Amino acid sequence: MLVIQNTLSGKKEEFKPINPPHVSMYVCGPTVYDYFHIGNARSFLISDMIRRYLEYKGYNVKFVMNLTDVDDKIIHKSKKENRSFSQVADTFTQAFFEDIEKLKVKPATLYPKATGHISEIITLISNLIDNGFAYNIDGNVFYNVARFKDYGKLSGKKTDELEVGARIEINNEKLNPLDFALWKKAKEDEPSWNSPWGKGRPGWHIECSAMSCKHLGDTFDIHAGGSDLIFPHHENEIAQSEAATGKPFVNYWMHFGFLNINEEKMSKSLGNFFTARDILAKYPAEAIRMFLFQTHYASPLNFSEEAIQAAQKGLEKFTNLVDKINSELSAPSQAAPMTDFDFPTFYSAFESTMDDDFNSPKAIAVLFDFIKEVNRKITESPSLNSGFYLKTKEFLEKTAIGVFGITSFEKEVPASSGIEDKLIELLLSIRATAKKEKNFTLADQIRDELLNLGVAIRDTKDKTLFKKV
RNA sequence: GGCGCUGUACCCAAGCGGUCUAAGGGGAAGGUCUGCAAAACCUUUAUUCGUCGGUUCGAAUCCGACCGGCGCCUCCA
């Protein structure tokens, strides 16, 4: 039984999709005004992991991630760089897709864009005005928070208390400082669309209501995002959607902890960030994923290169076993008796852990236990039935690869594979001869100098493996 | 000011009232294997969970106070 910590109730609840085996899931995606940073990446990777685990469970997941491609930051950047807002958005949309692919994120079912849904947005705003939940003041349309009695139910905020502490610049046009823009009247040199209220563009929150409704329906299963979106963004989405449809908007709200740096939230405005690109240039996607999944999604996580390196080191246990399996399966031995190994226990340990609100750190601990147990078998008996290796491979494919994407059975083909690998093989065969002749000085010299060149080698019984480091 | 999260070994981190004399990873130390390495395996590395009280037969887990860290209330994943 899968349970999910639901922000709406503040409790763990059993997950019951509206229409099983289908699951509808919406995650707030990027505003495409810059490269995303590793903190943003955390959200993308956590939602990827959640989606993958739901699929592991047999659900058919419709996973929608929006792209905010018109907004103040994009406009600001376009003015600064003297480009059109759509050029800026296109550039960083493309960069977004490049980066998530490198991070081995499984593509969402749909990536709807705000600018592709202007008519849906206008229809939704009209609906809200007609029902008295919104008002138009000189081409600016605002949501009337006071009209929505459940306002604050997600974030636990009370409207009267908010007003007290609010440092919002008071906009006299609004009836209430908490009211937020649904439609922003066009200014000079700003992108705009025609609407019943004149030229303008959508406010930030309305796009998510419009797009999630269009692609997932009035009520859907899971809506997720970073904790900083709880208020006001998700609170406002609820207000908009539920006022418009009269139905519950979302059944399960999930919120992710921040990625901190020096114990402070990583953010663009603080300037204390690393882009995912920068990190990907130094570390493989698997190491980044491992680093992130070794902490529970809702907890804050402090970023440090040491931590990524520790994760990468731990990952070697996976790759070493994968290499071993690959080499065993390339020369299968059916002869040995079938190995006695309790796969079902590991599957159920993995599942019961992940079923508990996606406890990935504990699930990864299960995987390490599994690896240790497999290695112990291998150590005990020199020759094992290939069926054992096949089942081991299948386990890793379903869990470590299918859910976490932290290793792979496919060999990465390096760009310069041709002659380079052949030269290494040549050196290794010379070294093998040297070893046979007990010329260990030469053998060690070859090993040391290969290592200096970034090639680590490892002798096994019948052959020598190498990998580039 | 309001609301919320958090403090576990050298570092990261799970733990959701009893199986905790507390998983897992990194690091460190010793051993087996190996020509030597590497990998793998074995052993060791918190009688203790920020501090002090309380509830309970029983608490890292619940309650209170205090100390420290963070976040939201304004764009932010």
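In what follows, chains are A, B, ... by sequence order, proteins preceding strands, each numbered from 1. Bear in mind the structure is a predicted one, so any value in this text is a computation, not a measurement. The basis for the numbers below is simple: all heavy atoms, side chains too, and nothing from hydrogens, waters or symmetry mates.
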Colleague: Using a cut-off of less than 4.0 Å, is there contact between a side-chain N or O of Asn260(A) and OP1 or OP2 of G71(B)?
Modeller: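 For G71(B), neither OP1 nor OP2 has a side-chain N or O of Asn260(A) closer than 4.0 Å.
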Colleague: For Asp72(A), report the nucleic acid contact type (base, sugar-phosphate, nothing); a contact means any heavy atom under 4.0 Å.
Modeller: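 Nothing, no heavy atom under 4.0 Å.
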Colleague: Which part of the nucleic acid, if any, lies within reach of Met266(A) when heavy atoms closer than 4.0 Å are counted: base, sugar-phosphate only, or nothing?
Modeller: base
Colleague: Do the side-chain N or O atoms of Lys372(A) get closer than 4.0 angstrom to the phosphate oxygens (OP1, OP2) of C42(B)?
Modeller: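 Yes, within the criterion.
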Colleague: Counting primed atoms plus P, OP1 and OP2 as sugar-phosphate and everything else as base, spell out the protein contacts along nucleotides 26-34 of chain B at 4.0 Å heavy-atom distance: B, S or - for each nucleotide, 5' to 3'.
Modeller: SS-------
Colleague: Looking at Asn375(A), I'd like to know whether one of its side-chain N or O atoms comes within less than 4.0 Å of OP1 or OP2 on A40(B).
Modeller: no
Colleague: Using a cut-off of strictly less than 4.0 Å, decide whether Lys265(A) has a side-chain nitrogen or oxygen near OP1 or OP2 of C72(B).
Modeller: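 Yes, because at least one side-chain N or O of Lys265(A) sits under 4.0 Å from OP1 or OP2 of C72(B).
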Colleague: Would you indicate what Gly39(A) reaches in the nucleic acid, counting non-hydrogen atoms under 4.0 angstrom: base, sugar-phosphate, or nothing?
Modeller: base
Colleague: For Asp444(A), answer base if it contacts any base atom (sugar-phosphate contacts may also be present), sugar-phosphate if it contacts only those atoms, and nothing otherwise; contact means non-hydrogen atoms under 4.0 Å.
Modeller: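 Contact class for Asp444(A): base.
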Colleague: Kindly determine whether Phe142(A) and Phe180(A) satisfy ring pair (Phe, Tyr, Trp, His ring centres under 6.0 Å), including the steps that lead there.
Modeller: CA-CA 5 Å; Phe142(A) 297 102; Phe180(A) 54 91; 9.0 Å; no
Colleague: Can you tell me if Glu305(A) has over 12 outside heavy atoms packed within less than 6.0 Å of its CD?
Modeller: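 Above 12, so yes.
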Colleague: Looking at Glu235(A) and Lys157(A), is any side-chain nitrogen of the basic one under 4.0 Å from a carboxylate oxygen of the acidic one?
Modeller: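 A salt bridge is absent here (no side-chain N lies under 4.0 Å from a carboxylate O).
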Colleague: Please pick, from C3(B), G24(B), C16(B), the nucleotide with the shortest atom-to-atom distance to any side-chain atom of Lys157(A).
Modeller: C3(B)
Colleague: Under 4.0 Å, counting only non-hydrogen atoms across every strand here, what does Gly257(A) touch: a base, just sugar-phosphate, or nothing?
Modeller: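 Base contact.
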Colleague: Contact class for Ser299(A) (heavy atom, under 4.0 Å): base, sugar-phosphate, or nothing?
Modeller: sugar-phosphate
Colleague: Measure from the side-chain heavy atoms of Pro361(A) and tell me the nearest of A13(B), A77(B), A37(B).
Modeller: A13(B)
Colleague: Using a 4.0 Å cut-off on protein heavy atoms (strictly under), produce a 5'-to-3' string for nucleotides 4-12 of chain B with B for base contact, S for backbone-only sugar-phosphate contact, and - for none.
Modeller: ---------
Colleague: Calculate, to the nearest 0.5 Å, the distance between atoms CZ and CZ belonging to Phe404(A) and Arg289(A) respectively.
Modeller: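 Between atom CZ of Phe404(A) and atom CZ of Arg289(A) there are 10.0 Å.
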Colleague: Do Tyr56(A) and Leu54(A) come close enough that some side-chain heavy atom pair is under 4.5 Å?
Modeller: no
Colleague: Give Glu264(A) one of three labels, base, sugar-phosphate or nothing, depending on what nucleic acid heavy atoms sit under 4.0 Å from its own.
Modeller: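 Sugar-phosphate, no base atom in range.
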Colleague: Sticking with atom P, work out how far U8(B) lies from C41(B), rounded to a whole angstrom.
Modeller: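 Taking atom P in both U8(B) and C41(B), they lie 29 Å apart.
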Colleague: Return the 5'-most residue of the pair Asn320(A), Leu315(A) with respect to RNA chain B, ranking by each residue's nearest nucleotide.
Modeller: Leu315(A)
Colleague: Among C73(B), G24(B), G35(B), which nucleotide has an atom closest to any side-chain atom of Phe231(A)?
Modeller: C73(B)
Colleague: Shortest non-hydrogen contact from Ile308(A) to Phe303(A)?
Modeller: CD1-CE1, 3.5 Å
Colleague: Would Lys268(A) count as a cation-pi partner of Tyr33(A), with NZ or CZ less than 6.0 Å from the six-membered ring centre and within 45° of the ring normal?
Modeller: yes
Colleague: Please classify the nucleic acid contact of Thr379(A) as base, sugar-phosphate, or nothing, using heavy-atom distances under 4.0 Å.
Modeller: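 Thr379(A): backbone/sugar contact only, no base atoms under 4.0 Å.
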Colleague: Name every residue in residues 426-436 of chain A that has at least one heavy atom under 4.0 Å from any atom of RNA chain B, in order of residue number, or write none if there are no such residues.
Modeller: Arg431(A), Lys435(A)
Colleague: For the residue pair Lys377(A) and Phe388(A), would you count it as a cation-pi contact if the rule is NZ or CZ under 6.0 angstrom from the ring centre and within 45 degrees of the ring axis?
Modeller: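 So Lys377(A) doesn't make the cation-pi contact.
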Colleague: When all nucleic acid strands are considered with a 4.0 Å heavy-atom cut-off, which category describes Asn359(A): base, sugar-phosphate, or nothing?
Modeller: sugar-phosphate
Colleague: With sugar-phosphate meaning primed atoms plus P, OP1 and OP2, does Ile230(A) contact a base, only sugar-phosphate, or nothing at under 4.0 Å between heavy atoms?
Modeller: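 Nothing, no nucleic acid heavy atom in range.
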Colleague: Counting neighbours of NZ on Lys391(A) that are heavy atoms of other residues, nucleotides or ligands and sit closer than 6.0 Å, is the number greater than 12?
Modeller: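 No, the 6.0 Å shell around NZ holds no more than 12 heavy atoms from other groups.
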Colleague: If you check the His37(A) side chain, which of A77(B), C36(B), C75(B) turns out closest?
Modeller: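 It is A77(B).
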Colleague: Just to be sure I understand the rule, does Ile46(A) reach a base, reach only the sugar-phosphate, or reach nothing, if contact means heavy atoms closer than 4.0 Å?
Modeller: nothing
Colleague: Closest to the Pro232(A) side chain: C73(B), G35(B), A14(B)?
Modeller: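 Among the listed nucleotides, the one closest to the side chain of Pro232(A) is C73(B).
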Colleague: Is atom NZ of Lys113(A) surrounded by more than 12 heavy atoms (other residues, nucleotides or ligands) closer than 6.0 Å?
Modeller: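 No, not enclosed.
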